[in-house]
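These notes concern the structure reproduced below.
For reference, positions follow the sequence shown, starting with 1. Keep in mind the model is a prediction, meaning the values are calculated, not measured.
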Amino acid sequence: MHPKQNIAPDTTVSSLFQNGGEMGALMRAFDWHAHPLGNPEHWPESLKNNIRLLLNSGFPMFIWWSEELFMFHNDAYLPALGNKHPAALGAKARVMWAEIWDDLGVVVDNILRGGDPFFADALPLTLERKGFPEETYWTFSYSPAFNDNGSVNGIFCACTEVTNTVLNQRRLKSLKEVSEEMTQLQTMEQASQRTCNLLYQNKEDIPFCAIYLLNNTVTTATLLGKAGNIADAALPATINLANKQEHWALTDELALQQMAIVDCAHVAPHNLPDNEINIRIKQAAVLPIMRPGQNQAIGLFITGISPKLVYNAEYRGYHALLAGQMAISITSVQAREELARQQQVLKEVFQQAPVGITILRGPNHRIDLANPGICEMWGREAEEVLGIPVIEALPEVADQGIMQLLDGVFTTGEAYIANELPVQLERQGELETLYFNFIYHPLRDSQGLIQGVIAVAIDISQQVKYRQSIEALNEELLITNADLDNFVYAASHDLKTPILNIEGLIMALVEDLPEAVLQTDDVTKVIDLIKASVRRFKRTVTDLSEVAKIQRQAGQDISQLNIAETVAEVRLDFESQITASGAQIETDFAPDGVIQFSAKNLRSIIYNLLSNALKYRAPVRKPYIIIKTETTPEYVMLLVQDNGLGMDMSQERKIFSMFSRLHDHVEGTGVGLYIVKRIVENAGGFIQVESTVGTGTTFRIYFKR
């Protein structure tokens, strides 16, 4: 039934269909006298009221009236109709929506028979409204429309199309999965094929896909990954880009360096069910994969376009984001491959270095590299220590301050230099005291973030024991200053030769290394560290010559600290955040809250706890933070309490785990509380936490007195 023009509206029609925009005008002009419903003047008041309601609503609504389900709707509903408008007005819903009536007819019939209303959230429906079967999603409610006598005589619906929301969520999910997976893969083949497999899980948007990588001269494209229902012949292993007759018109896309739409009906997909033969995939998108930050194509992404969707800006944007993610993944894998090559070169340099060198990764100081020199000092084989934390490889150093020094370098980023540091190491089942000159230096990545610690060490046990024996002999035999000077003079000369030999070896090493290796950051850094160690060794010999006693530096950072003073210093670092958030900080310090502790480590503990209290504040209230101390015969207890987001204590195991985060809406690495716990426990203390989600968190740190 079509609306007819030039029908003089009577008074009832004019008042009933007044306002209502385009649909109001169409209803006024409609020839209702020729329609089965007849003159609107005789319509039930309930129908009239519902029509007035929907015509004056900005929300998509419709009424299907009588057992024939004649259609009424407002302007907001017109996008849902598509090309069914304007024929839908007054038409039978069963006829107009024949393509989905198998899904909706049962629901409608049930409501007409007095059944319960129906609500659907993001219900998928394939609609014929744009000339093809379109994938759509709807949130709507069907409720009974009553006649004047209270009987059910139709369907009233309020609805909204959520197709874009569903599609965006689906596409974001596949983007996220690709992004997360790529960080774990090491080769281009793995990365490309895994990407295609993940994308094909979203076959509604990606019915097939392929990734080609270009060679350096951009003359051939090599297939690295493919997925989907497409003939193998359509995706050859290599494509000659100079042959313009080959697949996908790749040379054109490379020249334009932009997305292109190509015909693929002759190649994909095949063997579709009979009921889907009319929605065969006809088009594909070909997108250049550009090197990030450069106007250079490094590959191509080919993907089928769903025949059940409009290829609109959102769909194109999704494909563009995928191509961008592939570019990042490809360059990341290439960078990892190059980094692995450089690391191998660096390891070879380390293996030949005349000093002990080790690289410790992460806050648990996992041994990533140990050259022969350091293994000899430790008294272990490389196979015994590689890949495990220092505390496991050398358990005897647990109570010797070594771990605190490493933690301090890792957390503060400040290098630590030690001269004649005594360390007890297990040799043949017994502890032996050895002495080392060493440097702990932070290992940073390209963004300046600390990834670990580089240690360069020289075993000077023999020299120290020589000197110690001389000093003891002087005390016992009262050898004259002249005798002592003579001995030191001789010892210093004995030590000059090995020092000069080491220095010569370093110079030879630098001269022999290729220029490309010398220019890498890691090699330059290590060579500088080695040279610094040698220079310091030479200064030590000079000190021996002048009879200067070298004091041990281990534990130099341990001092008597007032917690209140450290809190005040750290608070200054957060002054801007405190002011911006309106935070109120209440303090209550015990007068005897003084501890023997590392100043840097105490500052690190307080910094982490105060930072968390401010970062994870509740958005509905201003931060309120309590910091106080209490003392017991054995401990000084530091309490930090906040009224922030709180944590789920059922996940207590994760709170102090490395890289674990219970809130991810702010930036962070997830190692702060892990570091705090390690520092406290390594110093003989312990930490406790209490928290309630939505209420806040309380930390108690117990320092050994």
Side-chain angles (χ1 to χ4, degrees), residues 20-24 26-27 37 44 46-147 151-171 204-205 306 308-310 312 314:
E22 179 181 352
M23 288 310 304
L26 287 175
M27 290 181 190
L37 290 178
S46 58
L47 175 59
K48 295 178 182 178
N49 290 334
N50 281 329
I51 290 175
R52 291 189 184 98
L53 171 65
L54 67 85
L55 285 178
N56 288 278
S57 173
F59 197 82
M61 295 180 180
F62 65 77
I63 298 170
W64 295 342
W65 189 253
S66 81
E67 291 185 358
E68 298 298 328
L69 300 175
F70 295 116
M71 300 174 63
F72 296 88
H73 41 268
N74 60 6
D75 285 2
Y77 185 69
L78 293 181
L81 290 169
N83 58 15
K84 297 179 186 292
H85 173 72
L89 177 60
K92 296 178 180 180
R94 293 183 182 89
V95 176
M96 192 58 60
W97 292 117
E99 70 268 24
I100 58 174
W101 204 253
D102 287 345
D103 297 318
L104 299 183
V106 175
V107 175
V108 171
D109 291 342
N110 179 60
I111 295 176
L112 290 176
R113 290 193 299 267
D116 294 332
F118 178 79
F119 174 79
D121 185 17
L123 181 71
L125 294 173
T126 301
L127 302 184
E128 291 276 2
R129 59 176 182 174
K130 296 179 182 177
F132 64 91
E134 181 185 5
E135 177 188 1
T136 68
Y137 296 86
W138 296 87
T139 294
F140 62 90
S141 65
Y142 281 179
S143 56
F146 297 99
N147 213 329
S151 60
V152 177
N153 198 41
I155 301 294
F156 180 84
C157 176
C159 61
T160 183
E161 183 172 2
V162 293
T163 302
N164 286 340
T165 300
V166 172
L167 296 183
N168 288 337
Q169 290 174 346
R170 185 170 77 195
R171 292 163 182 173
E204 292 84 359
D205 289 310
S306 171
K308 299 176 68 175
L309 292 171
V310 176
N312 54 18
E314 289 79 8

Quiz item: How are the rings of Y77 and F62 set relative to one another: parallel (under 30°), tilted (30 to 60°) or perpendicular (over 60°)?
Solution: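 Tilted, since the angle between the ring planes falls between 30° and 60°.
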
Quiz item: Taking only residues two or more places apart in sequence or in another chain, which ones pass salt bridge (Lys or Arg N to Asp or Glu O under 4.0 Å) with D109?
Solution: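 D109: salt bridge (Lys or Arg N to Asp or Glu O under 4.0 Å) contacts with R94.
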
Exercise. Output, in order, the C-alpha distance, side-chain angles, deciding distance and verdict of side chain to side chain contact (heavy atoms under 4.5 Å, CB included) for L55 and F72.
Key: CA-CA 9 Å; L55 285 178; F72 296 88; over 6 Å; no

Could you check if a side-chain atom of [X] sits within less than 4.5 angstrom of a side-chain atom of [Y], using non-hydrogen atoms only?
X: H73; Y: L78; answer: yes
X: V152; Y: F146; answer: yes
X: L123; Y: D103; answer: no
X: I100; Y: W138; answer: no
X: W97; Y: L81; answer: yes

So, for [X] and [Y], which heavy atoms are closest and what is the spacing to 0.1 Å?
X: A80; Y: L127; value: O-CD1, 4.3 Å
X: C157; Y: C159; value: SG-CB, 3.8 Å
X: G58; Y: A76; value: O-CB, 3.5 Å

Checking [X] now: which residues fulfil side-chain hydrogen bond (donor to acceptor under 3.5 Å, both in side chains) with it, not counting sequence neighbours?
X: E204; answer: none
X: R129; answer: E134, E161
X: D205; answer: R170, R171, N202
X: N49; answer: R52

Using 0.5 Å steps for rounding, measure from the [atom1] atom of [X] to the [atom2] atom of [Y].
X: L54; Y: I63; atom1: CG; atom2: CD1; value: 4.5 Å
X: K308; Y: T126; atom1: NZ; atom2: OG1; value: 4.0 Å
X: L167; Y: N312; atom1: CG; atom2: CG; value: 8.5 Å
X: M23; Y: I51; atom1: CE; atom2: CD1; value: 10.0 Å

Just jot down the side chain to side chain contact (heavy atoms under 4.5 Å, CB included) partners of [X], sequence neighbours excluded, or say none.
X: V108; result: W64, L69, W101, L112, Y142, I155
X: S46; result: P44, W65, N147, D148
X: F59; result: S57, M61, A158, T160

Quiz item: Do other residues, nucleotides or ligands put more than 12 heavy atoms under 6.0 Å from D102 CG?
Solution: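 No, not enclosed.
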
Quiz item: Can you pull the salt bridge (charged side-chain N to carboxylate O under 4.0 Å, His left out) pairs that have at least one residue in residues 65-93, sequence neighbours excluded?
Solution: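 Passing the test, one end in residues 65-93: E68-K92, K84-E99.
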
Quiz item: salt bridge (charged side-chain N to carboxylate O under 4.0 Å, His left out): which pairs involve residues 136-145, sequence neighbours left out?
Solution: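 Output for this query is empty, none listed.
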
Name the atoms and distances for all side-chain donor-acceptor pairs under 3.5 Å in residues 113-121, with sequence neighbours left out.
| from | atom 1 | to | atom 2 | distance (Å) |
| --- | --- | --- | --- | --- |
| D121 | OD1 | T139 | OG1 | 3.0 |

Quiz item: Got a donor-acceptor contact below 3.5 angstrom from the T136 side chain to the T163 backbone?
Solution: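 No, because the side chain of T136 does not come within donor-acceptor range (under 3.5 Å) of the backbone of T163.
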
